[in-house]
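Note that these values count all heavy atoms, side chains included, but never hydrogens, waters or copies made by symmetry.
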Amino acid sequence: MDLLLVDWALVFEKLILIVIVVLASLGIALYTTFAERKVAAVIQDRRGPNRAGPFGLLQPFADGLKLIFKEDIIPLTSNKALFVLGPGLAMVTALLTSAVIPWGSALDLDGRTVPLQIADINIGVLYIFGVVSMGVYGVMIGGWASNNKFSLLAAIRGASQIISYELAMGISLIALLMLTGSLSLKTIVEQQMGGGWGGLLGWNIIYQPLGFLIFLICAFAECNRTPFDLSEAESELNFGYHQEYSSMKLGFFLFAEYINMFISSALMATLFFGGYDIPFVNEANLAQSWGPNIVAFLGVIALLVKTVLFIFFFMWVRWTVPRFRYDQLMDLGWKKLIPLALANMLITGAVVLWLNK
Amino acid sequence: MNITEILFWFLTALAILSALMVVFSRNPVHSVLWLILVFFAISGHYIMLNAQFLAIVNLIVYAGAIMVLFLFVIMLMNMNSDSEPQKNKWLKMAGTVAGGSLLLILVAALKNSEVQYQKVEGAQGTIGLIHNLGKTLFTDYVVPFEISSVLFLSAMVGAVVIGKKD
């Protein structure tokens with residue numbers, strides 16, 4: 001039986017890791033919805049949700065239950081199979097990216113090293129691109145299958161926005177990859193460790209500030225967040241691509257946005273802000289005195305803190321900046337960000353060549 | 001059968017089945033979605049040949065970019081099998097004969113080639129890895145590589161010229 005000759009411990013370990021990462025993403029996304037309402041409330045000088053549970057902490061569960069118990073309507077003239085496929089695809093593509101993010105350094109369980117990363121593939125950054133480019137389909141299929149003019153318009157808007165900003169995002173990352181020389185996210189994080197000034201000088205943000213800025217703007221556009229939420233602009237398109245959706249299918253679309261936000265925040269922390277690198281701490285020394293497990297755990301917390309800061313930034317921008325007009329959006333993407341990213345790439349390439357000589 | 005073989009046959013069956021569904025679907029949007037599935041199956045084959053870079057680039061370029069544009073056009077035109085003009089019956093027959101002849105020629109050409117005697121190296125070759133592929137492209141094949149990029153540039157310029165003509 002060749003079939004049974006697999007490293008079952010490895011399969012088991014990865015399975016547990018996948019379940020934990022998916023559940024954690026869902027949980028964090030759940031509470032991000034709550035945090036968004038609270039942040040909005042603070043910015044607009046209101047109280048925000050405070051009825052369900054202490055400080056309104058049970059609000060996301062109440063919202064979820066409400067969505068599940070609502071009537072699930074599939075419009076008669078819609079394309080039924082694709083109508084169901086749309087939100088499912090949006091959810092799956094949102095979760096898939098988490099597979100290559102290194103959440104922490106390796107654990108040491110009885111001599112067995114367990115890396116806190118689902119898959120350390122040597123094309124990690126490209127994998128993320130692949131999944132992000134698949135993310136368009138959830139919106140497009142959902143919008144088209146609804147058989148509604150507003151939905152179709154919104155879906156086409158959303159898709160053209162996502163493919164436009166993917167270009168600038170890719171070019172800004174090429175500049176980063178010239179510095180790292182590796183596509184593996186684990187290697188990228190390890191290279192950022194142990195720089196000068198408490199480790200902060202090792203982070204890629206120091207070497208690629210412009211690249212980071214472009215990446216950040218494109219991440220906003222890819223997540224369909226304000227100021228780029230043109231595909232759900234309620235004042236022009238009623239409700240955007242999920243207008244015909246109800247119950248948990250609508251919930252999936254809305255929820256996928258928050259998972260996307262969490263994953264792209266984690267990605268920015270990993271690529272530009274040292275990932276699970278704890279600032280002002282030498283991990284190697286700490287691992288000798290405290291053991292690798294505690295250091296790995298602290299690393300996960302460091303990554304999560306950076307991620308949460310980025311999520312807060314996403315919200316802060318959403319409740320501060322008004323929405324772009326469609327022509328302004330395309331102008332920014334094609335005429336400003338792409339030339340800027342190209343210049344950044346050329347300059348980085350020239351500097352790398354010059355320094356290597 | 002070990003896991004590699006099971007995966008191989010699964011991916012092969014998936015690729016052929018979805019390719020057939022591309023042709024047989026009556027709804028053009030469904031055809032595009034089946035075609036995306038074909039690309040996924042082929043990428044799976046690339047991964048089994050240890051060509052991860054090719055696999056992911058195949059997904060990004062074909063499934064992620066080109067198919068989105070296909071979907072765009074089809075959704076905007078909103079084609080339905082009822083309202084579309086049906087092709088002539090003789091034209092369909094001629095198409096079937098022409099396609100069948102192409103299949104015959106391909107099979108005949110492959111049957112006598114040396115490809116069938118070469119065993120595929122599963123998950124062993126390293127040429128598909130990004131480092132080796134990049135080195136090969138930019139040293140041994142740098143001229144054809146640059147010429148093909150000029151080809152793309154001219155296509156882009158052409159598209160801009162056509163787009164500005166109104």
Side-chain angles (χ1 to χ4, degrees), chain A residues 1-7 11 79 81-82 85-86 89 93 96 100 119 121-147 149 151-153 155-164 166-167 169-170 177 181-184 241 334, chain B residues 1-7 21 25-37 39-40 43-44 46-47 50-80 126 128-135 156 160 163:
Chain A
M1 287 295 278
D2 276 348
L3 195 57
L4 294 176
L5 286 179
V6 212
D7 188 356
V11 173
N79 188 323
L82 294 186
L85 186 68
L89 263 183
T93 48
L96 269 179
V100 290
I121 46 180
N122 58 12
I123 44 161
V125 176
L126 283 175
Y127 169 86
I128 287 168
F129 262 100
V131 177
V132 166
S133 59
M134 294 300 126
V136 192
Y137 287 114
V139 174
M140 274 191 103
I141 291 173
W144 180 79
S146 308
N147 203 1
K149 287 189 186 78
S151 301
L152 181 65
L153 273 177
I156 284 174
R157 264 191 187 188
S160 49
Q161 167 187 332
I162 290 176
I163 21 185
S164 307
E166 232 167 59
L167 286 174
M169 194 184 214
L177 295 179
S182 168
L183 287 167
S184 154
Y241 59 91
W334 287 96
Chain B
M1 286 232 281
N2 55 21
I3 280 193
T4 321
E5 276 177 50
I6 294 174
L7 275 177
M21 286 307 288
S25 299
R26 295 198 71 81
N27 190 330
V29 173
H30 289 183
S31 283
V32 171
L33 296 179
W34 283 112
L35 192 54
I36 294 168
L37 209 57
F39 288 133
F40 267 91
S43 278
Y46 281 142
I47 287 175
N50 210 16
Q52 292 134 349
F53 179 71
L54 270 184
I56 203 74
V57 165
N58 183 40
L59 282 189
I60 294 173
V61 173
Y62 285 95
I66 294 181
M67 284 300 116
V68 171
L69 295 180
F70 269 49
L71 217 56
F72 244 85
V73 175
I74 291 172
M75 282 179 179
L76 275 178
M77 295 204 297
N78 206 9
M79 286 198 283
N80 281 317
T126 51
L129 297 183
I130 186 162
H131 191 79
N132 302 330
L133 197 69
K135 270 226 166 108
M156 261 163 71
V160 171

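Both the backbone and the side chain of A:Ser160 come within contact range of chain B, with heavy atoms under 4.5 Å apart. In this structure, chain B has heavy atoms under 4.5 Å from both the backbone and the side chain of A:Met140. At a 4.5 Å heavy-atom cutoff, the contact between A:Leu126 and chain B is made by backbone and side-chain atoms alike. When heavy atoms are compared at a cutoff of 4.5 Å, B:His131 does not approach chain A at all. With a threshold of 4.5 angstrom between heavy atoms, A:Ile162 does not approach chain B through any atom at all. If you measure heavy-atom distances from A:Leu152 to chain B, the contacts under 4.5 Å come from the side chain alone.
Counting only heavy atoms from C-beta outward, the side chains of A:Tyr137 and B:Leu71 approach each other to under 4.5 Å. Side-chain contact between B:Gln52 and A:Tyr127 is absent, with no heavy atoms from C-beta onward closer than 4.5 Å.
When A:Val132, A:Asn79, A:Val136 are compared by the number of non-hydrogen pairs under 4.5 Å with chain B, A:Asn79 comes out ahead. The residue among B:Val61, B:Ile36, B:Leu69, B:Leu59 with the most heavy atom pairs within less than 4.5 Å of chain A is B:Ile36.
Note that the CG atom of A:Leu82 and the CG atom of B:Leu33 stand 5.5 Å from one another [nearest 0.5 Å]. Here the CD1 atom belonging to B:Ile56 is positioned 8.0 Å from the OG atom belonging to A:Ser133, to the nearest 0.5 angstrom.
Residues B:Ala63 and A:Met134 share a closest heavy-atom pair of CB-CE, 3.6 Å.
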